[in-house]
Asker: 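I am attaching a structure below and will ask some questions about it afterwards.
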Amino acid sequence: MRKTVYICADGVLIGQGILQMLAGSNSLACDADIPENHYDEIVDAIDSGEQSVMVDGVNYDWWFSVE
């Protein structure tokens with residue numbers, strides 16, 4: 001299944017991308033200009049069912065539209 005994900009940092013939309021399930025884990029391709037380790041933390045949080053995650057003092061949250 002493919003989902004469009006919209007990512008916010010501290011309440012501001014910073015990018016959108018595609019979240020795809022690959023071999024039992026999610027893969028995120030997004031145009032947000034954030035460090036790679038932040039992407040990793042976001043994907044881990046999504047995999048865990050979380051709605052947001054704090055990374056290096058930045059609060060990320062997201063929402064999806066399913067296609």
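We use all heavy atoms of the structure for the numbers below, so side chains are in, but hydrogens, waters and symmetry mates are not.
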Asker: How close do Ala45 and Ser52 get, counting heavy atoms only, and between which atoms?
Answerer: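 Heavy atoms only, the tightest pair is CB-O, 4.4 Å.
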Asker: Would you please name every residue forming a side chain to side chain donor-acceptor pair (under 3.5 Å) with Asn37, sequence neighbours left out?
Answerer: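 With neighbours one apart ignored, the set is empty.
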Asker: What distance separates Ser65 OG from Lys3 NZ, expressed to the nearest 0.5 Å?
Answerer: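 Between atom OG of Ser65 and atom NZ of Lys3 there are 10.0 Å.
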Asker: I'd like to know if Leu13 and Trp62 are part of one continuous hydrophobic network [Ile/Leu/Val/Met/Phe/Trp/Tyr, side-chain heavy atoms within less than 4.5 Å].
Answerer: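 Per the 4.5 Å side-chain linkage, Trp62 and Leu13 are not co-clustered.
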Asker: Within this structure, what is the CE-CG distance for the pair Met54 and Asp61, rounded to the nearest 0.5 Å?
Answerer: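 Spacing of CE (Met54) from CG (Asp61) equals 10.5 Å.
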Asker: What's the spacing between His38 NE2 and Ile42 CD1 if we round to 0.5 Å?
Answerer: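 His38 NE2 to Ile42 CD1: 8.0 Å, rounded to 0.5 Å.
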Asker: Work out which heavy atom in Cys30 is nearest to a heavy atom in Gly15; give both atom names and the distance.
Answerer: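 Looking at all heavy atoms of both residues, the shortest contact is SG-C, 4.0 Å.
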Asker: Pair Ile7, Leu28 - check side-chain contact (heavy atoms from CB on, under 4.5 Å), show working.
Answerer: CA-CA 11 Å; Ile7 299 176; Leu28 176 62; 3.9 Å; yes
Asker: Are the side chains of Ile34 and Val55 in touch, meaning some heavy atoms are under 4.5 Å apart?
Answerer: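 SC-SC contact between Ile34 and Val55 ruled out.
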Asker: Ignoring hydrogens and angles, tell me if any N or O in the side chain of Asn59 forms a donor-acceptor pair with the backbone of Asp10 under 3.5 Å.
Answerer: no
Asker: For the residue pair Cys8 and Trp63, what are the closest heavy atoms and their distance?
Answerer: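 The answer is SG-CZ3, 3.4 Å.
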Asker: For residues Gln16 and Tyr6, report the shortest heavy-atom separation together with the two atoms involved.
Answerer: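 Nearest heavy atoms, Gln16 then Tyr6: OE1-CE2, 3.0 Å.
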Asker: How close do Ile14 and Tyr60 get, counting heavy atoms only, and between which atoms?
Answerer: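 Result for this residue pair: CD1-CE2, 3.9 Å.
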Asker: Taking the side chain as everything from C-beta on, heavy atoms only, tell me whether Ile46 gets closer than 4.5 Å to Phe64.
Answerer: yes
